[in-house]
Amino acid sequence: MSSSSNPHRAEIEQFRQKVSLLLVKQLQNVCSIAGLRTSGIKAELQRRIMYGKGALLLLCAQGIGTRRDGSLG
């Protein structure tokens, strides 16, 4: 299947963009909820979220980690 025929391509790109905008504390909160390790630098946390076992869960979730104070909502 070519990438142009993938109906979920836009959602995946939105997910990547959302993850890239999160602060470290927010990324740690998302990792914690997904059962992923919460230590490491921002890039490691982002990688765990985007490619880890929690990615499917997070793709389905709406608005996780969007508050500036690091809380989920």
Side-chain angles (χ1 to χ4, degrees):
M1 176 183 286
S2 72
S3 60
S4 62
S5 64
N6 184 345
H8 302 291
R9 185 173 174 87
E11 289 95 349
I12 292 168
E13 186 54 36
Q14 288 174 349
F15 174 72
R16 286 183 182 153
Q17 288 176 346
K18 183 176 248 187
V19 169
S20 73
L21 296 174
L22 296 178
L23 303 173
V24 171
K25 184 65 177 171
Q26 294 168 320
L27 293 166
Q28 290 171 330
N29 286 341
V30 171
C31 285
S32 178
I33 288 171
L36 303 170
R37 286 184 349 159
T38 60
S39 62
I41 63 172
K42 185 173 185 173
E44 291 171 338
L45 297 168
Q46 290 169 327
R47 243 187 327 274
R48 282 184 205 132
I49 292 167
M50 289 189 285
Y51 303 110
K53 63 182 180 181
L56 182 59
L57 166 73
L58 296 171
L59 276 171
C60 296
Q62 299 268 338
I64 289 181
T66 57
R67 293 187 183 153
R68 285 300 223 173
D69 65 0
S71 65
L72 300 177

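Just so we're clear, the structure is a prediction, and the values are computed from it rather than from any experiment.
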**Q** Nearest 0.5 angstrom please: Ile41 CD1 to Arg47 CZ, how far?
**A** 7.0 Å

**Q** Drop me the distance from Ile49's CD1 to Arg16's CZ, to the nearest 0.5 angstrom.
**A** 13.5 Å

**Q** Nearest 0.5 angstrom please: Lys42 NZ to Ser20 OG, how far?
**A** 7.5 Å

**Q** Determine, using the 4.5 Å side-chain heavy-atom cutoff (strictly less than), whether Val24 and Tyr51 are members of one ILVMFWY cluster.
**A** yes

**Q** Please enumerate all residues that pass side chain to side chain contact (heavy atoms under 4.5 Å, CB included) together with Arg37, with sequence neighbours excluded.
**A** Ser39, Arg48

**Q** Do any N or O atoms from the side chain of Glu13 and from the backbone of Ala10 form a donor-acceptor pair under 3.5 angstrom?
**A** no

**Q** Would you check if Leu45 and Leu36 make a side-chain contact, meaning some heavy-atom pair closer than 4.5 Å?
**A** no

**Q** Which heavy atom of Phe15 sits nearest to which heavy atom of Met50, and what is that distance?
**A** CE2-CA, 3.9 Å

